[in-house]
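Down below is the structure, laid out as structure tokens.
Below, read A as the first sequence line, B as the second, and so on, with proteins coming before strands; counting in each chain starts at 1.
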Amino acid sequence: MKAHIQQLLEQAIVCLIKQQIIPADTQPRINIDRTKDKSHGDYANNLALMLAKPAKQNPRHLAELIVANIPESTLVIKMEIAGPGFINFFINPNFLEKQIDSAYSNERLNVQIEANPQTIVIDYSSPNLAKEMHVGHLRSSIIGDAVARTLEFQGNKVIRQNHVGDWGTQFGMLLAYMEELRAKGEPIENNLANLEIFYRAAKARFDESEDFATRARNLVVELQSGNEECLKLWSQFNETSLSHCQETYQRLGVSLTRADVRGESSYNDQLAVIVEDLDKQGLLQQSQGAKCVFLDNFKNKEGEPLPVIIQKKDGGFLYATSDLAAMRYRQNELNADRILYFVDARQGLHFQQVFEVARSAGFVNDKTSLEHMPFGTVMGEDGRPFKTRSGSVAKLADLLTEAEMRAYELVKEKNKEMSEQELRHIASVVGISSVKYADLSKNRTSDYTFSFDSMLSFEGNTAPYLLYAYTRVVSIFNKAGIEMGGVTAALSLTEEKEIDLANKLIQFDEIIKQVAKQGMPHFLCSYLFELAGLFSSFYEACPILIAETETQKQSRLKLAGLTAKTLKQGLSLLGINTLERM
RNA sequence: GCGGGUGUAGCUCAGCUGGAUAGAGUACCUGGCUACGAACCAGGUGGUCAGGGGUUCGAAUCCCUUCACCCGCACCA
């Protein structure tokens, strides 16, 4: 609809240019807004206000001229000039009904398939395998996954990349500890059952024993030089850690699989090549023993150009190096059009730098877009950044268990007769979805206050509210004895609440586009919450099964059916399951 | 010091990149279940959009400035 109005306005501009009312070189950005107030029609536009100055016209008068030059359209029944010079468009209600009818019988709910699908690489979750996943991994995993699903739904080719931290100095420490356990005859498997404890034990040995620390450092070197025994231990460790991750993904409903794992270690053989390439291109400089690329746009504390260190003075590589290798791989092997990074905002500078290096070295084409999708820091309830090293770290797995337990209590209280199995299932969906929704519904760029209580409150703008709306529709269709998609009669909108709901329903497509473009699932959350809210009002005000006429009943069933389908589809894009009853 | 971010109702947060009277949730108050599911709905109280300038028809949004807090800034990731 927006596109249609835009076309109308563009044609009006052409006419006005011909008439020399506005200058020939005007290329205004046409912005169609949805109105907040119904008295302003359905859509509004400020073109007259923007062009008033270049056209040397009174804005209201110019608005009249624009309206006079807009071609006939069956979709627009009325245009009004309001305020300082807004043009308000009133849409034919008939159109709304047609849209709903068509979305209802469409698998994709009328969400357009991308005309030019892209290959989009998404780097997300990427936990460090040395430790178990904790709350800090929640945002990247959940937000990245929601965006991946959304882009996929649009018809893009999405390639998930779980860039796990499976390499680096801390592995020396872990391997040394594994060795020690083995020497003592203790089964390593048992100890790896809890990675958090394992890591702490290894760290404690590292801190208390100089011999151990030395051994750990030596093991890093041996690992990197391909010592077989080391690699065996290393891969045993990683296997265990990865299976922990998969377990968590499974519980969380994150769509990452083992096939999406491409850890830092997989770029090992490319690191030296990257250095060589940069050197050949004359981008590399020696500084204080390290090999660096200097970028003029970035300054350090002393106001001197800031280096991106590619290779340490001891010959070791850094995460900038493997990020560059990964970028080149994603460009050349995966043929990415877009590469998205769902990574903590604190790494913003790092990404600016490596993006620039990658471009100037030609690792990435100019056409390929590199996008850091930052998210805010996880804060404790005291308002301070959530620290992971200070003793009582909330493991992600424990958090999920807590959520399920709280949900279980609530579900049981509301459903005294329900079987244990069903209670468990519902509690699991309610608990997990609450945690996810609490995170997804916030603008990802701002800091995130981690709070059990707000996450697991099941009232208001929460996942259960949306799930509840869905189950109400299911219940109605059960009672009516027909399938949710089985309404055949045409829509007939008369009541205000019906029209409000219908208007919201046809916006689904716009919202999907927005989420896909900006990588921000909270737009979808807000939309679904508003949709569920409008449905609840409609539900209260407009009896469905006991409607006055059969026509009205069928029409309302259809509206409810499309609401449920939209909720289900929307939640599914967020990685949240629906329930038939709760 | 330089760069980035944040500051909106008691609390948690939206505000669609400059639009019409700044919105939700929560908390608090009032009303609604022998009722298609009350995890709900209808309504109310609550604001110097951190402060101050500027740009213009119009600013929470753009520019400048002050304040407060957070985060980066050479071999960790």
Check: Is the A:F317-A:Y267 ring centre distance short of 6.0 angstrom?
Finding: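 Aromatic pair excluded; centres sit 6.0 Å or further apart.
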Given the [atom1] atoms of [N] and [M], what is the spacing between them in whole Å?
N	M	atom1	value
B:A24	B:C49	C1'	16 Å
B:G1	B:C63	C1'	24 Å
B:C33	B:A39	C1'	14 Å
B:U45	B:U30	C1'	11 Å
B:C62	B:A68	C1'	23 Å
B:C13	B:G72	C1'	26 Å
B:A38	B:G31	C1'	13 Å
B:G4	B:G10	P	31 Å

Check: What does A:Q170 touch in the nucleic acid at a heavy-atom separation under 4.0 angstrom: a base, only the sugar-phosphate, or nothing?
Finding: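 A:Q170: no heavy atom of the nucleic acid under 4.0 Å.
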Between [atom2] on [N] and [atom1] on [X], what's the gap in Å once rounded to a whole number?
X	N	atom1	atom2	answer
A:L295	B:A74	CG	P	14 Å
A:D344	B:C70	CG	P	16 Å
A:L47	B:G18	CG	P	16 Å
A:I309	B:C73	CD1	P	11 Å
A:K442	B:G25	NZ	P	15 Å
A:Q286	B:A74	CD	C1'	14 Å
A:L62	B:C57	CG	C1'	13 Å
A:L51	B:C57	CG	C1'	14 Å

Item checked: RNA chain B: 5'-proximal contact among A:G533 and A:L349 (nearest heavy atom) ->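 The 5'-side residue here is A:G533.
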Notebook entry, point to check: Given that A:N443 and A:T169 both sit by RNA chain B, which one's nearest nucleotide is further toward the 5' end?
Noted result: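 The residue mapped nearer the 5' terminus is A:N443.
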Check: Has A:K53 got a side-chain N or O lying under 4.0 Å from the OP1 or OP2 atom of B:C57?
Finding: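 It does, given that an N or O in the side chain of A:K53 lies less than 4.0 Å from OP1 or OP2 of B:C57.
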Check: Are A:H522 and B:G15 close enough that a side-chain N or O sits under 4.0 Å from OP1 or OP2?
Finding: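 Yes.
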Notebook entry, point to check: Do A:N88 and B:A20 share a donor-acceptor pair, side chain to base, under 3.5 Å?
Noted result: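 Side chain to base: pair found, below 3.5 Å.
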Check: Quick one: the side chain of A:S441 and the base of B:A14, do they pair up donor-acceptor inside 3.5 Å?
Finding: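 Flag unset: no donor-acceptor pair detected.
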Checklist line | A:N128 vs A:V164 side-chain heavy atoms within contact, under 4.5 Å | finding: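 Not in contact.
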Check: Side-chain contact, heavy-atom cut-off 4.5 Å: A:H372 with A:F355?
Finding: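 Touching, per the 4.5 Å side-chain cut-off.
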Next item on the list: Could you classify B:U17 for me, syn or anti, using a glycosidic angle within 90° of 0 as syn?
Entry: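 Because its glycosidic torsion lies within 90° of 0, B:U17 adopts the syn conformation.
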Next item on the list: Identify the heavy atoms of A:L559 and A:T563 that sit nearest to each other, and give their distance.
Entry: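 Nearest pair, atom of A:L559 first, then A:T563: O-OG1, 2.8 Å.
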Check: Minimum heavy-atom separation for A:H522 to A:N443, with atom names?
Finding: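 A:H522 and A:N443 have their closest heavy atoms at ND1-CA, 3.7 Å.
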Is a side-chain donor-acceptor pair under 3.5 Å present for [Y] with [X]?
X	Y	result
A:Q554	A:E550	yes
A:Y437	A:N461	yes
A:D453	A:S451	no
A:S287	A:Q285	no

Next item on the list: If a protein heavy atom is under 4.0 Å from the base, mark B; if only from the sugar-phosphate, S; if neither, -; do that for nucleotides 2-10 of chain B going 5' to 3'.
Entry: ---------
Item checked: B/S/- contact track for nucleotides 31-40 of chain B, protein heavy atom under 4.0 Å -> -B---BBSBS
Check: Using a heavy-atom distance cut-off of less than 4.0 Å, which residues of residues 31-44 of chain A contact RNA chain B?
Finding: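 Under 4.0 Å from RNA chain B: A:K36, A:D37, A:H40, A:A44.
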Checklist line | Nearest listed nucleotide, side chain of A:R29, among B:U17, B:C16, B:A24 | finding: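 Ranking B:U17, B:C16, B:A24 by closest atom to the A:R29 side chain puts B:U17 first.
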Note to self: Under a 3.5 Å cut-off for both contacts, is B:A50 paired Watson-Crick or G-U wobble with anything, and if yes, with which nucleotide?
What the structure shows: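 By the stated definition (distances under 3.5 Å), B:U66 pairs with B:A50.
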Notebook entry, point to check: Between CG of A:N238 and CH2 of A:W167, what distance do you get to the nearest 0.5 Å?
Noted result: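 Reported value, rounded in 0.5 Å steps: 9.0 Å.
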